[in-house]
Amino acid sequence: MEKQGNKVLGIVAIVLGAIAIVTFYIPVFNVFSLICGIVGLVLAILSKKSFKEAGQTSPVPTVGLVLSIIGLALAAIGFFTCTVCGACMASEVAKDPKLASQLSSALNSAVSAAK
């Protein structure tokens, strides 16, 4: 029986790369996007290696590799920009008590409006 490349790993890499691209700039999902990008990258490499060992070619692992790299890069940018923005905001709030009270009242009104 002829050995075949693992196409399933490539498809999973495509899905994970796409998820990383779609969710990269949502602050809550930044870490999730980073993990999806890394796992997608590893799976795409494994899929590409299995096709190479079988002496076959397929665009599936390549697409998964490209999407995972793009998703990983965007997720890293989104993670670091949100982290820096949050740190700057926290430092400004810590310096100015008036700003802290304004932020607190705005958050309280947003929570009460959501209820």
Side-chain angles (χ1 to χ4, degrees):
M1 184 169 189
E2 186 178 312
K3 189 175 180 183
Q4 292 188 352
N6 197 339
K7 199 174 211 178
V8 174
L9 291 178
I11 292 170
V12 173
I14 290 172
V15 171
L16 290 174
I19 289 171
I21 290 171
V22 170
T23 61
F24 82 95
Y25 213 72
I26 303 170
V28 178
F29 292 112
N30 284 350
V31 175
F32 177 70
S33 297
L34 281 170
I35 292 169
C36 285
I38 292 168
V39 173
L41 186 67
V42 169
L43 292 179
I45 291 169
L46 290 175
S47 178
K48 203 165 185 66
K49 185 178 178 182
S50 74
F51 274 100
K52 190 174 184 178
E53 288 173 354
Q56 299 173 335
T57 59
S58 175
V60 173
T62 306
V63 171
L65 187 68
V66 169
L67 287 177
S68 295
I69 289 171
I70 292 170
L72 184 61
L74 290 174
I77 291 168
F79 176 75
F80 289 116
T81 57
C82 284
T83 302
V84 169
C85 182
C88 290
M89 186 187 312
S91 70
E92 288 298 316
V93 169
K95 283 189 235 175
D96 188 3
K98 184 178 178 185
L99 183 61
S101 67
Q102 288 174 346
L103 182 60
S104 176
S105 65
L107 289 173
N108 289 335
S109 65
V111 168
S112 64
K115 290 181 182 179

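If you're wondering where the values come from, they're calculated on a predicted model, not measured in any experiment. The first residue of the sequence shown is numbered 1, and numbering continues consecutively from there.
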Determine the minimum heavy-atom distance between [X] and [Y], stating which atoms define it.
| X | Y | value |
| --- | --- | --- |
| S68 | G37 | CB-O, 3.8 Å |
| F24 | L74 | CD1-O, 3.1 Å |
| T23 | I19 | OG1-O, 2.7 Å |
| F51 | P61 | CD1-CG, 3.7 Å |
| A20 | C36 | CB-CB, 4.2 Å |

Margin query: What I want to check is whether the side chains of K7 and S47 have a donor and an acceptor closer together than 3.5 Å.
Written below: no

Quick check: is [Y] connected to [X] through a chain of hydrophobic side chains (ILVMFWY, heavy atoms under 4.5 Å apart)?
| X | Y | result |
| --- | --- | --- |
| I38 | I11 | no |
| V31 | F80 | yes |
| F79 | F29 | no |
| I35 | F32 | no |

Note to self: Main chain of S50, side chain of N6: is a donor-acceptor contact present, judged purely on distance under 3.5 Å?
What the structure shows: no

Give every donor-acceptor pair under 3.5 Å between a side-chain atom in residues 39-46 and any protein atom, sequence neighbours left out.
none

Check: V12 pairs by side chain to side chain contact (heavy atoms under 4.5 Å, CB included) with which of L16, I14, V15, L9?
Finding: L16

Check: Could you state the interatomic distance from CD1 (I70) to CG (L65), rounded to the nearest 0.5 Å?
Finding: 10.0 Å

